Amino acid sequence: MKKLSTKIWLLVVAFLAFTVLFMYALTNFLYERLYVQDTEDAMIEVGTKLANMYEGGKVNDEFVADIDRYNIYSNMNVFAVRNPRELSACVPFDIDYDTLIGPEERKQLVKGEFIIKQGYEKRFDRQLISVVVPLVDGERLEGILYLYFPLEKITELASKDITLIAVAAFIFLAFMTFMTMKGIGFIMKPLKRLQVAAHDMAHGDYTTRVDVTSKDEIGQLSETFNEMAAAIQQSDEQQKEFLANVSHELRTPISYVKGYSEALAKGLIPQNECEAKLQLIAREAERMEKLTTELLQLSRAERVEKLELMPLALAESLREALILADQRAHAKEMTLTLEADETLIVEADDEKLKQIVVNLIENAIRYSEPGTNVTVRACKVGAMAKIEIEDHGMGIPVEDLPHVAERFYRVNKARSRSDGGSGLGLSIVNQLMKAHNGSWTIESTVGTGTIVTLCLPLYEFEEE
Amino acid sequence: MRLKLLGMMLLASLLAACNHSTYPEIEQQTDFIASVNIQEPSLDFIDKNGKQLAIWPLSEAYSGATLIDDDRILLYGHELDHADLIQLSTGERIAEINTGEGTTNALYDADTKLVYLANSWTNTITAYDIDGNEHAKQKTGKYPMSMLRYEQQLFVVNFKDTTLSVLDAKTLQKRADWKIPASSNGLLAVRDELWIGGHGSGSTPNDAVVRLDIHSGKMLEKFKLPMMPIAFLEQHDEIYVLSHGENILHKLDVHGKEISSEEVGANPFALASFAGHIVVAGYDDHKIYWTDGTSVERSQTVGAGPFQLLVREK
């Protein structure tokens, strides 16, 4: 009972068996209703007509003979009874004799009503349908007409062929059982394939795929499975690449720190260069610290920490972000400009919003020539606040634009170390914007500059 | 307080259960004929002009009744374990006789002042005085039913037996057992003969009246009288016999020779002489028929299933 196909198969077979039984019962029921009712109606009609021949007074021999004659040619059995003993005439007295009609039936007959009986009759030792029609003169029950017909059950009718019917039913059931089993096997084949593929995947084979042979639910399931497998494979590859990148990024500063510190310890560095080397060690350590800090930030952003969303004056937050980035701009002799609509109120986490903007301004500063300007603008577009950070730097080639949010992705691989970026800034921006229910885009022209556009939902004031 | 109330309610319900219904009074001086109806037990009291004096609806399954002297009626039932003695002039019950189930018939004899009750369960005849005290008891054949007191003897027909028990009317001591046909019912003393009717046994209806020598019990030649003669009445040397199988009231002379016959009622079981009429009760049509012995004069409807007719006529 572990296999689904076995369960379905058993269910279908049970339904089939039930259907066979139901058909049997229905046939029996129809027999009772139609055949029995029809016979009953015919007997009532004949009985009533024959009773019309009775003209009152004593039931005479001639009448009895007429009824007997009719009985010879009729397919139903009919006889006249005029013996008061048979008609329960002595009933107030205790009679030890099984009469043809009972005392209650006699009461009914005296009133001129006919009686319909169905069931076992001891007198005839079989199942009967019988109709008793009274022969009444005034209020005297002079006799009765007793009509009866053997009530053969359908099983009795078919008793000769019962073996044949049973064998046929059995063969039919066996054949249907076999066909159902085959049919279910055919239907279940893709499911089996899916199960094998899922098993392979669970054991680390992310390249596994299933053939989609149909468009039904199982076909759709197979397609979804393939999509899922592709997504998992991609995620796995990204994970591996990420780890390789992290190792790579850390290895260079570590080798610097290790090499120079060993050389210093062994006195291999001339005295006059010692300070410069120590500064180099400190710079590389700082770089490592920055990298690990950003990794931590990214990890937190990906885990979608609960943001403390609150209404914020956007211009104020942007101004503070500019102040944070100002020192760096100053160092590169660059200027920062803010053009913001002072009325905008956004729903955001203050700290995270500033982190986003600072990240983007630092990126802009990093990839711009000294003496250029970075402009931050903010305005309202529909229910959103639009923030633009525009620089006049080197720009990003079109083919790289879709990948800039990937971790450790660098446009210029060769400049990875010298530009001072970790390759995580835009990944963090991407995660934080998602957490704010916002969106962002990047446009760039090589040699001209880059514009990053952020869209954040405006705070909705509740109407009083 | 609640307990007290509960006790009172219990007492009230007990009293209600014990309280036998009181029937409408029947004036002591009025002659009547009463039909004992057993399909839905009731008594119809009718005066000589056919006027209904009273109807007693019976709450128990009584199957028969007999008058005791002028002012008492004994009601008994085959399925009841007791018989009730009711005073007609007050309609109140004056005694209950513990008969045990199976009472088939009761006969009151004014000479001995004894009521004889036949019981089909114990196959006994028990004699009680008019206050319901047991006087004597005697075992009979199977299913004693029809009874007739003749001189110092009580004749008892055993319905499911082939014997007639002859008992002493006072002591109930058995004097003889005479041979008769099974399912015999109804008997009458005619001169020195005892006439016995019956239903017949099995599916064969009886169509004859059996005659016995009333002193020796010797079987005399029976005479044909179809179909199922079961009730007899003698009046002015004329014998009336009721054949319920053919609904015929026969009028015979004392030798059994038919004088006339008339179709009366539907399945009649009882006949009686009252106010110069022969009255017949039709069990199936719930009517009593007033006849002059040869033809029906009038009929009137009574309760369902009149089975016995009781007459008080001074």
Side-chain angles (χ1 to χ4, degrees), chain A residues 51 54-61 63-64 68 79-115 121-125 132-146 148, chain B residues 36-40 63-64 78-79 102 104-105 120-121 142-143 145-146 157 159-161 182-186 198-207 226-228 230 243-248 263-270 281-287 289 299 301 304-308:
Chain A
Y54 167 69
E55 291 167 340
K58 298 287 174 214
V59 176
N60 54 32
D61 293 346
F63 181 83
V64 174
D68 286 346
F79 58 92
V81 181
R82 53 182 169 175
N83 179 356
R85 295 286 290 168
E86 293 285 17
L87 305 181
S88 280
C90 309
V91 146
F93 296 90
D94 191 6
I95 42 173
D96 45 3
Y97 171 64
D98 190 22
T99 56
L100 199 56
I101 58 167
E104 288 307 315
E105 290 166 341
R106 181 182 172 90
K107 279 187 198 168
Q108 211 176 323
L109 291 167
V110 167
K111 288 184 208 157
E113 296 165 3
F114 57 79
I115 292 167
E121 281 293 328
K122 204 173 164 190
R123 182 74 63 101
F124 304 95
D125 189 26
V132 185
V133 183
L135 303 171
V136 189
D137 181 10
E139 279 162 306
R140 289 186 192 124
L141 184 66
E142 296 288 359
I144 55 165
L145 287 178
Y146 198 101
Y148 68 94
Chain B
V36 182
N37 316 309
I38 61 169
Q39 279 181 18
E40 285 159 26
S63 60
H78 193 249
E79 310 300 324
T104 57
N105 193 14
S120 69
W121 281 34
K142 282 185 221 156
Y143 213 102
M145 190 144 77
S146 293
V157 172
F159 187 66
K160 293 186 181 175
D161 215 330
S183 295
S184 289
N185 190 73
H199 296 278
S201 62
S203 65
T204 317
N206 170 43
D207 60 356
M227 181 185 280
M228 305 202 275
I230 44 106
S243 290
H244 86 91
E246 283 188 332
N247 320 306
I248 303 266
E263 201 167 30
V264 184
N267 202 17
F269 283 114
Y283 182 77
D284 280 351
D285 58 2
H286 322 308
K287 283 181 186 158
Y289 293 84
S299 68
T301 302
F307 184 60
Q308 282 182 330

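Naming: A, B, ... by sequence-line order, numbering from 1 per chain. Predicted model, so just to flag it, every value in this text is computed and none were measured.
Residues of residues 80-92 of chain A lying within less than 4.5 angstrom of chain B, judged on heavy atoms, are A/Asn83, A/Pro84, A/Arg85, A/Glu86, A/Ala89, A/Cys90, A/Pro92 in numerical order.
Only the backbone of B/Ser201 has a heavy atom closer than 4.5 Å to any heavy atom of chain A. Proximity to chain B is limited to the side chain of A/Lys107, based on heavy atoms less than 4.5 angstrom apart. The part of B/His244 that comes within reach of chain A is its side chain, from C-beta onward, which places non-hydrogen atoms under 4.5 angstrom from that chain. Heavy atoms of B/Thr204 lying under 4.5 Å from chain A belong exclusively to its backbone.
Note: A/Phe124 and A/Tyr148 have tilted aromatic rings, judged against thresholds of 30 and 60 degrees for the angle between ring planes.
Every residue two or more places apart in sequence or in another chain was checked for a side chain to side chain donor-acceptor pair (under 3.5 Å) with B/Lys142, and none qualifies.
Considering all non-hydrogen atoms of both residues, A/Val133 and A/Phe114 come closest at CA-CB, 4.2 Å. Closest non-hydrogen pair, B/Ser146 versus B/Asn185, comes out as OG-OD1, 3.1 Å. Contact between B/Gly282 and B/Pro306 at its shortest, heavy atoms only, is O-CG, 3.3 Å.
Between the CG atom of B/Asn267 and the CG atom of B/Asn247 there is a distance of 6.5 Å, given to the nearest 0.5 Å. Atom CZ of A/Arg123 sits about 6.0 Å away from atom CG of A/Asp98, to the nearest 0.5 Å.
Interface check for chain A: of the options B/Ser203, B/Pro205, B/Ser183, the most heavy-atom pairs under 4.5 Å are formed by B/Ser203. Comparing B/Gly305, B/Ser63, B/Gly265 by how many heavy-atom pairs each has under 4.5 Å with chain A, the most go to B/Gly265. Chain B forms more heavy-atom pairs under 4.5 Å with one residue of A/Glu142, A/Glu139, A/Arg140 than with any other, namely A/Arg140.
A/Asp137 is listed as a side-chain neighbour of A/Tyr54, based on a closest heavy-atom distance under 4.5 Å. Side-chain contact between A/Val110 and B/His286 is absent, with no heavy-atom pair separated by less than 4.5 Å.
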